[in-house]
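Read through the structure below, which is laid out as structure tokens, and then see the notes.
Since the model is a prediction, treat every value here as computed from it, not as a measurement. Order of listing sets the numbers, starting from 1, for every ligand and every atom in it.
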Amino acid sequence: MTQRRFDSVSAAKTWSRRPESRSGDRDLLPRIFGEDTFGIREMQARLPDNVFKQLVRTIEHGEELDPGIADTVAAAMKDWALSRGATHYTHWFQPLTGSTAEKHDSFLKVGRDGRAITDFGGDELVQGEPDASSFPSGGLRATFEARGYTAWDPTSPAFILGGETATFLCIPTAFSSWAGESLDAKIPLLRSMDALDRVTRRALKIFGVDAGRVTANLGPEQEFFLVDREFYYRRPDLMTSGRTLFGAKPPRGQELDDHYFGSIHERVLAYIQSVEMDLYRLGVPMKTRHNEVAPGQYEMAPVYENANVASDHQQLMMRILERNARRYGLVCLLHEKPFRGINGSGKHVNWSFGTSDRNLMDPGDTPHDNLIFLFFCTAVMSAVEKHQDLLLACVSTAGNDHRLGANEAPPSIISVFLGDQLQDIFQQLEESGGAEEREREGLLGLGVTVLPDLPRHSGDRNRTSPFAFTGNKFEFRAVGSASSISLPATVLNTIVAESIDEWSDVLEAVVESGVSLETALWKLLSNEIPSFKRIIFNGDNYAPEWVEEAERRGLLNTGNTVTALPALAAHKNEELFDKYGVMSPRELEARLEVLTEQYFIKINIEGETAAHMARCMILPAAVTYLERLAAARSGTKGVAPTSGLDSNIARVSGLIDELTEALDELDTQNEELGGDEVAEKVFHMRDNVIPAMNAVRDVADRMEKVIPDDLWPMPGYRDILFVK
Ligand code: ADP
Ligand code: MG
């Protein structure tokens with residue numbers, strides 16, 4: 001059997017079923033949920049009552065924590081962690097790379113008498129100082145002032161990772177520089193949640209509601225691909241870049257549409273179930289799982305939680321997805337576009353905000369007279385219109401460029417989908433300064449007596465919109481599958497806080513002048529709607545006509561990361577983040593610098609990997625094939641007519657010439673960096689390296705279609721996507 005066919009077979013064989021575990025344990029889910037976290041249940045059991053109550057006030061109402069309780073909490077946390085088998089602890093944080101970082105310390109302490117005890121004090125819980133000089137800081141922390149501090153975030157529960165091998169306690173922390181500037185994703189997110197809380201409560205007061213803490217909520221839907229480990233290790237591109245840099249279109253792609261919501265293959269299901277079980281133990285409320293559109297593509301989503309915890313949990317989810325895949329002989333690809341010509345992966349971030357008993361994005365049964373909803377919902381739309389640039393910047397990465405602005409939508413144009421009912425209300429508001437109920441929800445008769453009548457939703461779905469209102473939340477769909485959701489959430493919270501704040505000023509002034517609240521609101525909305533209504537688009541965002549229409553409307557279309565990112569440090573945005581205390585101009589510039597650098601590094605790695613694979617794997621395969629053809633021709637001289645061989649020889653040597661030429665160009669571009677500053681280099685990457693890479697790929701993919709299977713040096717799409 002040839003090497004390549006052998007791969008496929010051994011790939012499918014690397015997984016074996018684990019013993020059946022259908023034990024009929026009725027309490028399984030409630031029992032294991034959160035058992036690997038130091039959550040409310042454990043705290044209550046292990047902490048003195050007054051300390052527990054204080055912690056809860058901080059967790060639930062955002063009250064300041066008395067540092068005096070740290071020792072008590074640390075001791076209880078340590079006891080709990082030891083009882084769960086932990087030997088080490090780590091401050092767990094989210095540096096600007098978008099992933100997570102940890103540095104383990106053991107609980108061990110050796111006394112003078114040489115005997116070991118375990119030790120963990122309040123100081124170690126509350127603050128850490130990882131030697132953090134190598135984390136990207138975007139210039140916020142030159143190496144000579146390399147100190148960085150981690151600070152305990154009591155609002156996100158500590159948890160245990162490990163199990164089968166090492167077990168250690170993770171303490172969610174924020175990460176800042178010596179001068180108190182945020183070097184992570186968490187601090188700005190928490191600050192933006194505070195800003196939204198502040199302005200929303202103020203606005204609610206105008207409506208006569210004295211509200212408790214307002215939180216932003218996130219429910220992220222994660223898409224990913226699974227490929228067999230066997231294939232992964234035979235593809236340097238997957239290993240270095242997380243995506244294939246070569247690969248001819250297989251005879252069967254996703255055309256049959258038979259994967260979406262199809263029944264989940266047993267091996268995949270076993271894996272997904274193991275991910276869910278581990279996440280349940282970590283207190284992540286996993287809810288849905290299904291096959292996605294592309295072969296080998298899946299989606300999982302938890303129930304939404306407050307933005308800070310949801311974002312920590314999202315990181316955990318990505319980590320467990322990657323970790324557990326290996327246990328089933330699989331590799332989980334979180335990249336936005338692992339395969340050309342096959343759907344990419346996104347992360348739909350469902351977002352809303354409200355108090356503990358009122359979701360402010362919920363229109364209720366009669367949205368036309370739900371003043372509070374209309375106020376907040378329009379404030380969101382206005383914010384989105386005003387800050388399209390930020391929304392695009394915060395989702396732009398080298399990987400996501402393959403979705404946004406490429407042949408796959410949503411494009412790099414932000415628009416809002418409202419659905420018919422809301423659309424109608426906003427139209428009325430604009431035209432007549434008021435709204436009354438017109439579109440009835442009604443029941444959806446299915447015409448079969450045994451089937452129930454279904455309540456009709458106020459709006460149909462629009463799967464193509466980058467920012468869709470879906471019933472009682474907005475769904476930000478432009479976020480990339482590999483991204484942290486913290487920055488997008490930070491941006492959303494902040495831009496909406498600004499709208500609410502500005503509109504509150506107006507509303508308050510008008511109401512104070514003696515106008516009724518209702519009249520004041522109608523007036524405000526009918527004034528404001530014309531200024532942002534161009535952002536509303538209920539049609540097909542994937543259609544080429546939309547790009548033209550959006551241009552006519554003057555909407556922003558960034559096209560790629562290099563164009564999109566600088567908005568992060570635009571003057572209007574510096575003022576915005578500064579005003580709401582979310583990020584200083586320096587903190588913003590740091591993010592811009594780090595994200596720009598990441599773009600450069602990613603494309604640089606791809607360029608060099610592509611050159612290596614083409615020169616050291618693909619070209620030799622083509623040459624071997626040419627030799628084989630040439631040998632066949634000389635071996636068959638005088639035996640058979642050779643015109644077929646001749647034309648094949650001509651074709652293959654032509655491809656070799658083409659590949660060599662494209663490859664030389666790629667080498668040249670790889671050597672050139674395009675400048676000294678990273679801000680210059682990214683232009684070189686976008687304008688020269690990527691096209692040179694594509695040119696090499698173009699020839700290589702044609703070669704894959706003519707070179708014999710046994711010579712082709714890596715598994716192709718046909719194997720990778722379909723062997724399960
Ligand atoms: P759909 O399939 O319509 O997109 P789902 O009900 O499956 O929506 O929810 C998708 C995600 O949105 C889930 O994580 C869910 O918990 C979350 N979600 C639901 N309601 C809200 C809300 N009010 N705020 C934030 N997220 C929400
Ligand atoms: Mg959804």
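Residue Arg358 qualifies as open at atom CZ: its count of foreign heavy atoms under 6.0 Å is 12 or below.
Among residues two or more places apart in sequence or in another chain, the ring pair (Phe, Tyr, Trp, His ring centres under 6.0 Å) test is passed with Phe577 by none. With sequence neighbours left out, the ring pair (Phe, Tyr, Trp, His ring centres under 6.0 Å) criterion links Trp152 to no other residue.
Side chains of Met381 and Ile529 form no contact here, defined as non-hydrogen atoms less than 4.5 Å apart. In this structure, Pro95 and Asp184 have side chains that are not in contact, with every pair of non-hydrogen atoms separated by 4.5 Å or more.
Residue contact check: Glu221 has heavy atoms under 4.0 Å from atoms 4 (O), 10 (C) of ligand 1. The atoms of ligand 1 that sit less than 4.0 Å from any heavy atom of Asn359 are 23 (N). Residue Val303 has at least one heavy-atom neighbour below 4.0 Å for each of these atoms of ligand 1: 16 (O).
Comparing Ala301, Pro220, Ser352, Pro302 by heavy-atom distance to atom 14 (O) of ligand 1, the nearest is Pro302. Closest to atom 5 (P) of ligand 1 by heavy atom, among Lys287, Glu299, Lys473, is Lys473.
An N or O contact shorter than 3.5 Å is missing between Asn217 and ligand 1 by distance. Remark: ligand 1 and Trp351 share no N or O pair separated by less than 3.5 Å (distance only, no angle test).
Between the CD atom in Glu498 and the NZ atom in Lys579 there is a gap of 6.5 Å [rounded to 0.5 Å].
Residue-level proximity to ligand 1 for Glu475 is carried by the side chain, the only part with a heavy atom below 4.0 angstrom.
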